[in-house]
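Below is one structure, written out as structure tokens, with a few remarks after it.
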Amino acid sequence: MTAAQKRWQVYVAGWVRSGLSCKEYAMQVGVHPGTLAAWKSKLGRAQGAPATFVEVTDQLAVAAEPDAGEIELVVGRTLLRVRGRVEAEALTRVLDVLEARA
């Protein structure tokens with residue numbers, strides 16, 4: 001492992017432990033959020049991190065109306081499918097997590 005990989009591995013591990021969004025953690029430690037996310041992805045690929053499936057329960061969903069529709073978003077290697085209405089704050093938290101994993 002190169003010195004750069006070791007240094008970024010420390011940043012990535014700190015970010016994961018922090019529970020903060022990529023942007024928040026990057027600001028705290030003085031690095032660019034895009035670079036931090038890129039290194040997380042790069043280090044994960046190097047370790048052979050498998051893709052995972054996480055089911056988001058109805059706890060995030062608002063009572064769906066019949067015509068509420070569906071949206072699909074691709075974030076990195078993750079497909080996010082949302083049926084019905086979802087509170088904006090809950091969706092923002094989900095996207096922050098997915099962005100951090102990308």
Side-chain angles (χ1 to χ4, degrees):
M1 184 176 283
T2 68
Q5 287 172 318
K6 289 177 185 176
R7 181 170 43 110
W8 282 100
Q9 189 173 40
V10 170
Y11 282 131
V12 169
W15 170 29
V16 170
R17 283 191 310 271
S18 75
L20 298 172
S21 72
C22 179
K23 186 175 182 178
E24 291 169 330
Y25 184 77
M27 285 181 9
Q28 276 190 1
V29 297
V31 299
H32 190 277
T35 305
L36 178 61
W39 271 101
K40 183 176 190 295
S41 178
K42 185 176 184 176
L43 292 168
R45 282 192 309 269
Q47 295 173 358
T52 59
F53 175 79
V54 178
E55 182 176 2
V56 179
T57 65
D58 289 339
Q59 292 173 337
L60 293 178
V62 176
E65 299 170 10
D67 62 342
E70 176 177 289
I71 60 171
E72 287 187 3
L73 302 170
V74 176
V75 181
R77 297 183 310 153
T78 304
L79 169 66
L80 172 64
R81 183 176 298 129
V82 179
R83 294 184 181 105
R85 290 183 24 221
V86 175
E87 291 293 333
E89 183 180 323
L91 184 57
T92 299
R93 288 192 317 265
V94 170
L95 289 172
D96 284 344
V97 169
L98 292 175
E99 203 172 71
R101 296 173 124 196

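- Contacts of Glu89 classified as side chain to side chain contact (heavy atoms under 4.5 Å, CB included), with partners at least two apart in sequence or in another chain: Arg93.
- Side-chain atoms of Thr35 and Trp8, non-hydrogen and from C-beta on, do get closer than 4.5 Å to each other.
- Trp15 contributes a side-chain N or O that, together with a main-chain N or O of Leu20, makes up a donor-acceptor pair within less than 3.5 Å.
- Under the 4.5 Å side-chain contact rule for hydrophobic residues, Leu43 and Val29 share a cluster.
- Residue Gln5 holds its CD atom at 8.5 Å from CD of Gln9, rounded to the nearest 0.5 Å.
- We find the NE2-CE distance between His32 and Met27 to be 12.0 Å, quoted to the nearest 0.5 Å.
- Of all non-hydrogen atoms in Tyr25 and Ser18, the two that sit nearest each other are CD1-OG, 3.6 Å.
- At least one side-chain heavy atom of Val16 sits under 4.5 Å from a side-chain heavy atom of Lys40.
- Leu36 and Tyr11 get closest at one heavy-atom pair: CD1-CB, 3.9 Å.
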